[in-house]
Structure formats: C-alpha cells, structure tokens
Amino acid sequence: MIVIFGAILGAVTGALLARRRKGKLADILQYGFVYALMFALVGLFVTLIIHRNAL
C-alpha cells in the first residue's frame with residue numbers, strides 16, 4: 001500500500017515539477033515516471049523496514 005501511494009505521489013510531484021518548469025508533454029511524462037519510480041522504491045524500502053521491525 002505504501003508503494004502504491006508513493007508511486008502516485010511521485011507521479012503527481014514529478015508532473016507538477018515539469019509543468020512548473022514549462023516542459024512539453026514528453027517532459028511531463030518523463031518526470032512523472034521517474035519520480036513515481038523513485039518514490040515507489042522508497043516506499044518499498046519503508047515497507048520492508050516496517051515489516052522487519054514488526055517481528
């Protein structure tokens with residue numbers, strides 16, 4: 001759940017950042033994808049840490 005939330009938050013953040021920098025559609029999509037990937041990866045590590053410490 002944290003991974004999905006991170007991916008959505010990252011996509012929105014990246015798209016808004018590219019749009020603020022006056023990027024074209026390809027720039028907005030690329031920023032959205034890369035930020036979604038990074039935030040999902042962080043969410044994955046957070047999930048792993050939470051599950052490891054729950055035992």
Side-chain angles (χ1 to χ4, degrees):
M1 190 69 181
I2 296 174
V3 177
I4 296 170
F5 178 71
I8 292 170
L9 182 67
V12 171
T13 303
L16 289 176
L17 181 65
R19 191 169 181 181
R20 193 177 322 134
R21 292 181 179 180
K22 308 250 190 279
K24 296 187 187 318
L25 179 62
D27 299 325
I28 294 170
L29 291 174
Q30 183 178 3
Y31 267 68
F33 177 75
V34 171
Y35 273 69
L37 198 63
M38 289 189 315
F39 279 43
L41 190 60
V42 170
L44 176 67
F45 284 120
V46 169
T47 302
L48 289 173
I49 290 169
I50 289 172
H51 281 273
R52 280 278 224 182
N53 291 330
L55 298 177

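We count residues from 1, following the sequence as given.
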(Q) With a 4.5 Å cut-off on side-chain heavy-atom distances among I, L, V, M, F, W and Y, is there a chain of contacts connecting Leu29 to Leu17? (A) no

Q) Taking only residues two or more places apart in sequence or in another chain, which ones pass side chain to side chain contact (heavy atoms under 4.5 Å, CB included) with Val3? A) Ala40, Leu44, Thr47

Q: Could you work out the complete set of other residues in the hydrophobic cluster of Val42, with links drawn between I, L, V, M, F, W and Y side chains under 4.5 Å apart?
A: Ile2, Val46, Ile50

(Q) Suppose we screen for side-chain hydrogen bond (donor to acceptor under 3.5 Å, both in side chains). Which residues come up paired with Tyr35, at least two apart in sequence or across chains? (A) none

Q: Taking side chain to side chain contact (heavy atoms under 4.5 Å, CB included) as the test, write out the residues that go with Phe45, two or more places apart.
A: Leu41, Leu48

Q. Arg21: what forms a side-chain hydrogen bond (donor to acceptor under 3.5 Å, both in side chains) with it, not counting sequence neighbours?
A. Tyr31

Q | Any residue meeting side chain to side chain contact (heavy atoms under 4.5 Å, CB included) with Ala15, in chain and number order, not counting sequence neighbours | A | Ile28

